[in-house]
Amino acid sequence: MLVLQLLVSGIETGALYALTAAGFALIFGATRIFHFAHGATYALAGYAFVFASRLGLTWPLGGLLALLVAVGFGLFLEAAVYRPIQRHHGAFFTIFVAAFGVVIVVQSLIELSFGRAFVAISTPLTRAHEILPGLYIARVFWLAIVVASLVFVSLGAFLARTRAGIGLRALSENPDLLRAFGLSARRLSALAFALGSALAVPGAVLGAATTGLSPAVGAHVMLISLAASVVGGIGSLRGAALAGLLLGIVETLVVAFLDTQWSEAAGFVVLFVFILFRPSGLFGAAVAR
Amino acid sequence: MIAYLLNLAQLAAIFGLLSVSLNILIGYGGIFSVAHAVFFGLGAYAGAHVALDLAPDILLAALAAALIAGVFSALLALPALRVRGEYFVIASLGLQMLATTVFTEASDVTGGLGGLVGIPPPTLFGVSLADPLVFLLVCLGALALALAVVRLLMRGSFGRALMALRDSESAAEALGKNVPLLKTLAVLLGGAGAGIAGALFAFQEAFVNVESFTLDQSVLIMAMVIIGGAGTLAGPLIGTVLLLALPAALTFIPGLPPTDIGAVQQLIYGLAMTLLMIFRPAGLAGRRAGQR
Amino acid sequence: MTRISRRTLLAASALPLAGSFLAPRSARAEEAYILGTLFPMAGPNAEYGTIFTAGAAMAIKHASADKMLSRPLVLRAEDSEGTPQGGAVGMNKLVNVDHALYVLVGFTGVSKAAAPIGARAKVILVNGGGVGPDLAGLSPYYWNVIPLVPDEIKVLTPFLIARQLRRVALIYVNDPFGNGLYKALKTDLTAAGGEIVAADAISPADQQFSAIAARIRTLSPDAVYFASYGAQQAQIIKQLRDAGIGQQLLTYSGAAIPSVRNLPEAEGLILTAQAADWTVDDPITQRFVTDWRAQYGSDPTPYHQNYYNAVRLFALLAQQLEKAGKPVDGDALRAALLATRRFALVGGEGVFDDLGDISMKIVVNTLKSGKLVAIG
């Protein structure tokens, strides 16, 4: 029963990881920008939601504010930080360092405006109830699954059906093709950032209610997103999402056998196994760039 | 005051050694590692144990540290070097995360979060190096040696082959270069340099614990190389001094409530990092833009 | 461990320290008594730094108003970040740059890293917040004005047995404080006929506790004891309650901070802490409490009291040395402490033992709508 219980909380964690990881994978796949500040987007969205609920706004309004903040922040970074560096043939690591600077800035801004203490939203949704003997499930579990499924279905439809979606998928592979279609690579890159950042919002909002937030909350989510994008296969959204789910489950299940301090490391063991034995990931095509 | 300035200069020399050694990987080899603090840590633990269990001889400690860090770096790099680019970055990131956990958990060897305390002052063949000025000279000596080695190697055939490989792996392969061997040697050299820096650090702080060897530290070292200018001899040194001096200068900001100082310093520090990268993407000493 | 923060970026490299070397501080050091503080001022434990500093600041205000000493008292803050690393680095600066005579410190790991530096330079370190068992007698120049956690456990154990809370699950931070607490709790509880049914070590950066909660639930203990700091405590409480753990939650004095007290889920939490009796009818306590309420509009906490006492202790010792015409340095302060032993402090007379540790009454409290209520 313990394993079943852990599986349940692993799926809940994993569903939220899946969304954030898919956001990173979408941005990285389309633009090849190593958006290390994706975790900062997550933190900002979470805090925006907390801010809204402290103002007394309702859940949907709070979610909308979080969405606006996340998308705005993503677009701002793309235009003000990444694009200027890329114009200079910016090295991979130059972008990494710049993004890391952004992470530090965001963290200190949050500390200055919200304090360093832990903040959380109190809601009956996160209270677990015994649904089977020994198995406790909170309503937020179903919510996480429903939200994740809805988002993925609509994202899939968008990418497969719309011109912009197809353009996004083509962006990394064949920029010339884009021009032929009359699509602007710059606009698509902004779109990738807007969509990718939006994908961090559900995880952040539900995270504010389940685990709570602290100014450094984005770091872990960021590392999981990175690992998931490799395990899933770079550029594959489906892969990143599935890998995010997998990493969430592994992280939680490992507690049944080992000290909890190993739970984060366990995710990275999975990562190594993939890099060594299946570097193309779950769905990736090729290793080469 | 003098003691404090010497302390700061020692740290600058040690971090200079770290960034110079990482530059072999990033700047010359095109091997993007964010796990340099792991080898720094291995060296520090090795040096600390030599000093605590055997003798606080600095040469002995540095040799042990270089050996352990070098061998581990080569061993760990072998499988990971099969993959390229982003994959290697993420693999090294994974290695860094695993190592942090192992350093924390293996408290019999590392002291866990409590760390190893009471590391005795260093000696050399029985002569005490406890005087801060003497120890500073030792650190500077190690740094100068590392710079000389890098300069010599990068002008020789090894360096040329390595840089050819950085610029185009397939071209280097086609020219008959032994790519895996070249990469492994570069990683080994960089790891050994980080190990020596670790041993010096253990003596310098008289205390080591896992917090000095986390991802943050790896990123800091990487930032020193990138901000200074990867692939240049002077770049890592410039980056080191800058990233050490900047937070120091920030303590001058007047009129802040003491509880906000930390966050405001951080804010400016992060902002400076980002702005430097936007306006000097090739680093302060770099002429051409980065490697890719 | 993945918290990306300034922690290593600044502290590890000891960089934040400089800067001050251009300021004419050594000149001023001749004129004033420099007291250093080595508290976490940023990051997840910064809440403690704010609390600790407030207590010390009021004591300085009072000592200055009373003209207790011939020279002014000046406070110099270094950020320990609550970590051993930050402690070693910050202490180095306080000793070598600020020429502090007397340093206030909190946190077990910080203390253990800073104490050897203090001992070498003969600078007194006084702890009013860390409660790890091995803080007793850390060095001749290291004193405690807070009772340590074994004292808390000694009071808690009989209480648990009397309440039939014999089977306890423990969640503890894997660091010198947490490991020490685990040892103390295990020894005392087992001896009293209780049992630790599970002991889960966590890292100070962990944020997810639902898995631990699931494992603990299967063991159905009588109570769950958690030993952590700052923000993490609130996360543990919330996630345990969310996961359907309805058992009694237990902890130590570290939870007496706003982020825990104001958490709805923390209602009914049992925590040991030194007795905070603000009705004590002596002028020193009454002045402290009255001024505190006037300035902050709320009651002080034991942490405020301890750091007030730490500074007051310095003022009393230095006053004694000045009157005797002796220099005020580490050795003289230590000799004066051991010669005098009894001091008029907030909360009544403080008595120090041979190691320089104070003893204080400890009580078991429960949390009722954000307030500590003594229950045993």
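Letters A, B, ... are given to chains in the order of the sequence lines, protein chains preceding strands, and every chain is numbered from 1. This one's a predicted model, so the numbers in the text were calculated from it and none came from an experiment.
Crowding of A/F114 atom CZ: a count of heavy atoms from other residues, nucleotides or ligands under 6.0 Å exceeding 12. Counting heavy-atom neighbours within 6.0 Å of C/Y296 OH, excluding the residue itself, gives a total above 12.
Between chain A and the options C/I257, C/I202, C/T218, heavy-atom pairs under 4.5 Å are most frequent for C/I202. Heavy-atom pairs under 4.5 Å with chain A were tallied for C/Q235, C/E265, C/Q239; the largest tally goes to C/Q235. Of the listed residues (C/A234, C/S259, C/P258, C/P264), the one with the most heavy-atom contacts under 4.5 Å to chain A is C/A234.
For A/S9, the part lying under 4.5 angstrom from a heavy atom of chain C is the side chain only. Only the side chain of A/T13 has a heavy atom closer than 4.5 Å to any heavy atom of chain C. Of the two parts of A/V217, the backbone and the side chain both hold a non-hydrogen atom closer than 4.5 Å to a non-hydrogen atom of chain C. Residue contact with chain A, scored on non-hydrogen atoms closer than 4.5 Å, involves the backbone of C/A243 exclusively. If you measure heavy-atom distances from C/R215 to chain A, the contacts under 4.5 Å come from both the backbone and the side chain. For chain C, the nearby part of A/A209 is the backbone; its heavy atoms alone come within less than 4.5 Å. The part of A/L258 that comes within reach of chain C is its backbone (N, CA, C, O), which places non-hydrogen atoms under 4.5 angstrom from that chain.
Atom CD1 of residue C/I212 and atom CG of residue A/L6 lie 10.5 Å apart, to the nearest 0.5 angstrom.
No hydrogens or angles considered: a donor-acceptor pair under 3.5 Å links the side chains of A/S214 and C/Q207.
When all heavy atoms are compared, the tightest approach of A/V255 to C/A211 is CG2-CB, 3.6 Å.
Looking at C/Q208, its side chain never comes within 3.5 Å of a backbone N or O of A/T211 through a donor-acceptor pair.
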